[in-house]
Amino acid sequence: MGNCFSSKQSATSSKVVSKKQKVLPIDASFKLPAPLPSWPPGGGFGSGIIDLGDGLQVCQISSFNKVWATHEGGPDDLGASFFEPSQLPQGFSMLGCYSQPNNRSLYGWVLAGRDETGSALKEPVDYTLVWSSESLQIKQDGVGYIWLPTPPDGYKALGHVVTNSPQKPPLGKIRCVRSDLTDQCEFDSWIWGLGKESDLNGFNVFSLFPSNRGTQAMGVCVGTFVAQKTTTAPVSLSCLKNAVSNLSCMPNLDQIKAIFEAYSPWIYFHPDEEYLPSSVEWYFVNGALLYERGEESKPVPIESNGSNLPQGGSNDGAYWLDLPMEEGAKDRVKKGDLQDSRVYLHIKPMFGAAFTDIVVWVFYPFNGPSKAKVEFINIPLGKIGEHVGDWEHLTLRISNFNGELLSIYFSEHSGGTWVNSSELEFQNGNKAVTYSSLHGHAMYAKPGLVLQGSGSIGIRNDTAKSKKFIDTGTNSLVVAAEYLGMAITEPPWLNYLRKWGPKLTYNIAEEIKKVEKLLPGKLKSAFDKFVRSLPNEVLGEEGPTGPKLKRNWTGDEV
């Protein structure tokens, strides 16, 4: 069947009663810089329709008609816009409206449903008015009304209907879904409220995603929003569920190759970066050592594929890796080898296999020392932040409906950030540009300074373009795709589940004292408190673990 995801987005405005507004980012629709390629054949990937079981088929819609907008409140105090999906294919019904903040280009989607059995979808029996802007003195286009469908017994509502008149919408405007085909959902990101940030006890609009997320979770994100007068009440809507755990829409190996060829990101390193990535194989061949507790005087060289590393088990402290012992070799290996670097790909289903996550793992032999900004003073932190063996990653989220890149997750020390495709920088077609921070290797979507801390005290994360970069598409290896069974042979080093570096070997209290000597008196205690609040991953106290022990291996990104 044809692709139900339309990249063309229209916006038909309702009657405007406010004064002429300035042009907003949402007034322009985003499209990826280059057309999507034709994907290799096989399975249901890119076919436009996903069968969730028991007669429920869904497709992804990104053609919209604007119903109502406000021009204040919400992110950046620019308001938000509310849309209903348009150009639904024959036989498909709306499951809910779409909304997004006005501070970015129009780029989004909702799912529409088709009932092949006659019992998967039903019209609501009534509507409840959740909220109206009628009495509000705010900048708005007309008046907005947000309605909650009242589902028949045994069915759930998945989205709201938005109108610009006080009359209830027709019952046939939307469909509710049979309860066994739904799952629980929760707030994702804040879309709009009357203030400049969400109000726990006020009216808010949030996007939604399944409460249970991960490679085994079958909840399917619908793309709709929820409007509630308090954030403490249970979410009034549900999401979909892949009731039969159908993985047929996940990409095969040829399709994975084509997807990564289309979207493989570029990673730029700071011009002053000394500690660059390498391949794992290069690291092992160039003298990395395996240590065992109780046998510290007898470290063992590591085979190029890690075949002599302990397999499985738990991170019990019995083994760890370290740099070569000889100082010259140690200094050389610390710096990595950009020409021999390689990224390692983990392919996994997300949101009930309606989406594919391609996790791009990057290995660095060494993480360099940090630098702090304390008020107006920039201070090197000595050995704080240093550790051996550094794993960082990006995650590309791909729609299995049509293969479009929807967003990228950037790992940043112990957390990270999702960035929509509409807010990414691209080069060479649809390849995102990403930036690795100086020494710490946190990943960012834009160059510049990000301060990790609070107020005017924090760890500097400096990024910039330079002649040091990786085109990840030139040397990548798929190391895991569990849903493909035996098609992928995992390298032995991937199943080494102990530390990739030794525990801290310097006295952190002494390092803090060295730094505090450089600070004015009133800043000493604030700096000390800040440093001790940092996670061990930043402080370098614990050797890092490999990809399989990261929480995103089987779960969603934070």
Side-chain angles (χ1 to χ4, degrees), residues 1-6 39 41-64 84-98 109-126 149-161 169-185 208-210 212 216-224 237-252 255 349-356 398-404 483:
M1 291 186 175
N3 193 338
C4 294
F5 185 105
S6 168
W39 305 115
F45 177 80
S47 67
I49 294 174
I50 293 178
D51 189 340
L52 297 181
D54 288 344
L56 179 57
Q57 296 181 339
V58 291
C59 70
Q60 201 170 22
I61 305 293
S62 63
S63 299
F64 299 115
E84 64 178 41
S86 65
Q87 303 177 32
L88 273 64
Q90 185 174 2
F92 282 84
S93 300
M94 183 174 90
L95 301 176
C97 287
Y98 173 75
W109 52 269
V110 291
L111 298 188
R114 181 167 67 188
D115 186 354
E116 294 288 286
T117 63
S119 66
L121 303 176
K122 284 195 181 301
E123 294 180 1
V125 297
D126 199 0
T150 304
D153 289 343
Y155 288 76
K156 297 284 184 68
L158 273 60
H160 291 293
V161 177
L171 294 178
K173 184 77 173 176
I174 195 170
R175 295 293 186 272
C176 302
V177 179
R178 204 173 69 224
S179 296
D180 63 310
L181 298 172
T182 67
D183 211 342
Q184 186 176 347
C185 62
L208 295 168
F209 58 3
N212 186 19
Q216 303 299 314
M218 288 295 118
V220 177
C221 188
V222 185
T224 54
L237 298 172
S238 297
C239 65
L240 287 168
K241 182 167 65 177
N242 185 340
V244 292
S245 302
N246 175 19
L247 301 182
S248 65
C249 287
M250 290 295 294
N252 60 33
Q255 291 162 346
M350 193 53 60
F351 295 149
F355 301 87
T356 294
I398 309 295
S399 165
N400 287 349
F401 291 92
N402 73 337
E404 182 165 358
Y483 71 93

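The side chain to side chain contact (heavy atoms under 4.5 Å, CB included) search around Glu116 returns Gln57, Arg114, not counting sequence neighbours. Contacts of Gln184 classified as side chain to side chain contact (heavy atoms under 4.5 Å, CB included), with partners at least two apart in sequence or in another chain: Ser211. Applying the ring pair (Phe, Tyr, Trp, His ring centres under 6.0 Å) test to Phe209 and every residue at least two apart in sequence or in another chain returns nothing. Ala354 is linked by a side chain to side chain contact (heavy atoms under 4.5 Å, CB included) to Ile50, Val220, Phe401, counting only residues two or more places apart in sequence or in another chain. Asp126 meets the side chain to side chain contact (heavy atoms under 4.5 Å, CB included) test with Thr150, Lys168; sequence neighbours excluded. The ring pair (Phe, Tyr, Trp, His ring centres under 6.0 Å) test applied to Tyr155 returns no partner, not counting sequence neighbours. Qualifying salt bridge (Lys or Arg N to Asp or Glu O under 4.0 Å) partners for Lys122, counting only residues two or more places apart in sequence or in other chains: none. By the side chain to side chain donor-acceptor pair (under 3.5 Å) test, Ser245 pairs with no residue at all, sequence neighbours left out. Contacts of Asn400 classified as side chain to side chain donor-acceptor pair (under 3.5 Å), with partners at least two apart in sequence or in another chain: Thr356. Under the side chain to side chain donor-acceptor pair (under 3.5 Å) criterion, Asp115 pairs with Thr117, not counting sequence neighbours. Residues passing the side chain to side chain donor-acceptor pair (under 3.5 Å) test with Lys173 are Glu84, sequence neighbours excluded.
Side-chain contact between Leu52 and Asn246 is absent, with no heavy atoms from C-beta onward closer than 4.5 Å. Within the 4.5 Å cutoff, the side chain of Ile174 has heavy atoms near those of the Met94 side chain. A 4.5 Å side-chain heavy-atom check between Val58 and Ile49 finds every atom pair outside the cut-off. Counting only heavy atoms from C-beta outward, the side chains of Leu171 and Glu123 approach each other to under 4.5 Å. Between Leu95 and Val177 the shortest side-chain heavy-atom distance falls below 4.5 Å.
A donor-acceptor contact shorter than 3.5 Å links the side chain of Tyr483 to the backbone of Pro251.
Of all non-hydrogen atoms in Pro149 and Cys176, the two that sit nearest each other are CB-SG, 4.2 Å.
Within the structure, salt bridge (Lys or Arg N to Asp or Glu O under 4.0 Å) pairs that include any residue of residues 42-54 comprise Asp54-Arg178 (at least two apart or interchain).
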